[in-house]
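Notes for the one structure printed next.
This is a predicted model, so every value here is computed, not measured.
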Amino acid sequence: MEASGRAAFVLSNLAEVVERVLGFLPTKALLRAACVCRLWRECARRTLRTRQRLAWVSALESGPAESHALVRALARELEKVHVLPQTVLYIADAETFSGHEECHDQKKARKRNSKETAIALEKLLPKRCQVLGLVTPGIVVTPMGSSSNQPQEIEDGEAGFALLFPKIDGVKIQTFHFPKDLKNRVFDESKFAEAGLKNNPDLRVVLLFGYNSWKSGATRFLHQIVNPLNEKSIILAGGQVESFTSLTSENNAQPSDACGVVGLAFSGPQIQSATVLLDQDVADERTAEAAMQRLKAANIPERNTVGFMFACVGRGYRHYKTKRNMEADAFRKFFPNVPLFGFFGHGEIGCDRIVTGNFVLRECNDVKDDLLHGYTTVMTLIHLGSTKPNQV
């Protein structure tokens, strides 16, 4: 009894010990522990503030038609993560996220509905979390467990991932959405400032995703968005996707055949970034690795850094013929501890551009940047600043 009494006294009065113990808990368990008393609540808050590294959930296995693999993976893995997500970017394959049908005993299984799947995903995440969800023809994903795991190019089949960005000191991440206005052919550029894309000296990186690019006028509208943002002081990267399925900052539902641009803006003086373009001439292992050497030469810190790969559906094993996973393997060779995510889509956005450690831009080519491409791959690094390692 005396021993248990002393333990109770320590856990009720000594903040240093309490924080040490709570540091071993995943976030959901930590939030439950915060309800015990005022001391535990204050210790839990301090513990959460130290958890400023990116986390992710990957889904690589197919399963029953009732739910997408990413929904099942999130439901399972969110009990284990050690961050409180403030912003989430999830990307899933278009075919099984919303278009999956099977026949059993001459009866068709109920077709998945992309909106229902998106709602199921959003319900798993914190209510105040801003969520951007996309569906694409193929997925690039690093399996869970370690940032050094081999990234996979999933060109067919069920797959997806969710990037969980916590609140990071000195970093601001904003979602934005510019739907095409059918009544006005000229885009109102004042909307850029509202989204943090203009008059923002701390803006470093913009990830842009055009959706429903098959619609009339979609490509022209994408040019209207991209061209004014093509400044030498920021990184632009992304591509054209099938559609976007989640944007929690908006309540109004968009028509399923509407087109526009969604994305994420990363602001903060500590952010560093670089991007390289793999054009049609990059067609074998040697030239793919040469492109990664250009990216490596940017000297972007690799701790607390995430890689993105935005590739054309015509690349992958169809392009390289003799080998699958060529570009993801080349990335891993030069960046052994940086997780890589992305997709195969219908067009790519980006160029060779580097924002260095002193935040002065360098470019790897002398020609004027053309940001919209086809049959290429854009590789991007985003460093979110130096932080303390997450507690485990």
Side-chain angles (χ1 to χ4, degrees), residues 54 86-89 91 130-134 136 163 165 168 170-180 187-211 213 219 221-241 244 247 249-250 260-277 295 298 300 305-310 341-343 345 347-356 359-363 368-373 376-385:
L54 171 76
Q86 187 178 65
T87 303
V88 173
L89 169 65
I91 302 180
Q130 55 178 355
V131 183
L132 175 59
L134 310 169
T136 62
L163 298 182
F165 295 93
I168 303 173
V171 173
K172 183 177 182 180
I173 305 175
Q174 291 177 262
T175 59
F176 60 84
H177 180 206
F178 303 130
K180 185 177 184 296
F187 179 73
D188 180 4
E189 294 193 8
S190 66
K191 295 179 180 179
F192 285 138
E194 296 174 9
L197 301 178
K198 287 289 186 180
N199 304 322
N200 179 5
D202 289 330
L203 182 63
R204 297 286 180 262
V205 183
V206 181
L207 299 182
L208 304 108
F209 309 105
Y211 61 90
S213 58
T219 300
F221 182 72
L222 182 57
H223 274 283
Q224 289 182 326
I225 301 300
V226 170
N227 290 344
L229 298 176
N230 189 10
E231 299 178 2
K232 305 304 183 183
S233 58
I234 62 174
I235 295 293
L236 296 178
Q240 300 194 45
V241 302
F244 84 93
L247 193 63
S249 62
E250 298 186 357
V261 177
V262 294
L264 294 173
F266 294 78
S267 302
Q270 67 194 37
I271 294 175
Q272 300 182 51
S273 185
T275 184
V276 296
L277 177 70
L295 192 59
I300 301 298
T305 294
V306 59
F308 287 99
M309 172 179 164
F310 305 118
F341 303 93
F343 59 75
E348 302 77 60
I349 303 171
C351 66
D352 277 32
R353 186 173 286 181
I354 300 168
V355 175
T356 60
F359 315 122
V360 177
L361 187 98
R362 294 204 318 267
E363 292 183 83
K368 181 175 174 59
D369 297 329
D370 181 8
L371 291 174
L372 301 185
H373 310 278
T376 64
T377 297
V378 173
M379 288 285 191
T380 304
L381 293 175
I382 302 177
H383 172 64
L384 298 170

>> Using the rule side-chain contact (heavy atoms from CB on, under 4.5 Å), only one of T380, T275, V206, L207 pairs with L236; which is it?
In response: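 Among T380, T275, V206, L207, the one meeting side-chain contact (heavy atoms from CB on, under 4.5 Å) with L236 is V206.
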Pairing residues for [X] by the side chain to side chain donor-acceptor pair (under 3.5 Å) criterion, not counting sequence neighbours:
X: N227; answer: none
X: T136; answer: none
X: D202; answer: none
X: K191; answer: none

[X] side chain near [Y] side chain, heavy-atom distance below 4.5 Å:
X: L54; Y: L163; value: yes
X: I91; Y: F341; value: no
X: F209; Y: V261; value: no
X: I235; Y: R204; value: no

So how far is it from [X] [atom1] to [Y] [atom2], rounded to the nearest 0.5 Å?
X: L372; Y: H223; atom1: CG; atom2: NE2; answer: 4.5 Å
X: L132; Y: T175; atom1: CG; atom2: OG1; answer: 7.0 Å
X: I173; Y: L264; atom1: CD1; atom2: CG; answer: 7.0 Å
X: I234; Y: S273; atom1: CD1; atom2: OG; answer: 10.5 Å
X: L89; Y: Q130; atom1: CG; atom2: CD; answer: 11.0 Å

>> Show, in sequence, the C-alpha distance, side-chain angles and deciding distance for R353 and N230, and conclude whether the side chain to side chain contact (heavy atoms under 4.5 Å, CB included) test is met.
In response: CA-CA 11 Å; R353 186 173 286 181; N230 189 10; 2.8 Å; yes
> Parallel under 30°, tilted from 30 to 60°, perpendicular over 60°: which one fits the rings of F343 and F310?
Replying inline: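 F343 and F310: tilted rings.
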Would you name the heavy atoms of [X] and [Y] that are closest together and state the gap between them?
X: L381; Y: G307; answer: CD2-CA, 4.2 Å
X: L203; Y: A265; answer: CD1-CB, 4.0 Å
X: M309; Y: M379; answer: SD-CE, 3.5 Å
X: E189; Y: P228; answer: OE2-CG, 3.5 Å
X: I349; Y: L208; answer: CD1-O, 3.8 Å
X: N199; Y: A193; answer: ND2-CB, 4.0 Å

>> As a quick check of understanding, evaluate side chain to side chain contact (heavy atoms under 4.5 Å, CB included) for Q270 and I168, giving each step before the final call.
In response: CA-CA 11 Å; Q270 67 194 37; I168 303 173; 4.0 Å; yes
> Excluding sequence neighbours, so at least two apart, what forms ring-ring contact (aromatic ring centres under 6.0 Å, His included) with F187?
Replying inline: F178, F192, F221
>> If you count every heavy atom of other residues, nucleotides or ligands that lies below 6.0 Å from K172 atom NZ, does the total exceed 12?
In response: no
Donor-acceptor pair, [X] side chain versus [Y] backbone, under 3.5 Å?
X: D352; Y: L277; value: yes
X: Q272; Y: G385; value: no
X: H373; Y: G350; value: yes

> Considering residues at least two apart in sequence or located in another chain, which fulfil the side chain to side chain contact (heavy atoms under 4.5 Å, CB included) criterion with S213?
Replying inline: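 Testing S213 for side chain to side chain contact (heavy atoms under 4.5 Å, CB included), a comparison that skips the adjacent residues, returns Q240, H346.
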>> Test side chain to side chain contact (heavy atoms under 4.5 Å, CB included) on F244 and H177; report intermediate values, then the result.
In response: CA-CA 10 Å; F244 84 93; H177 180 206; 3.6 Å; yes
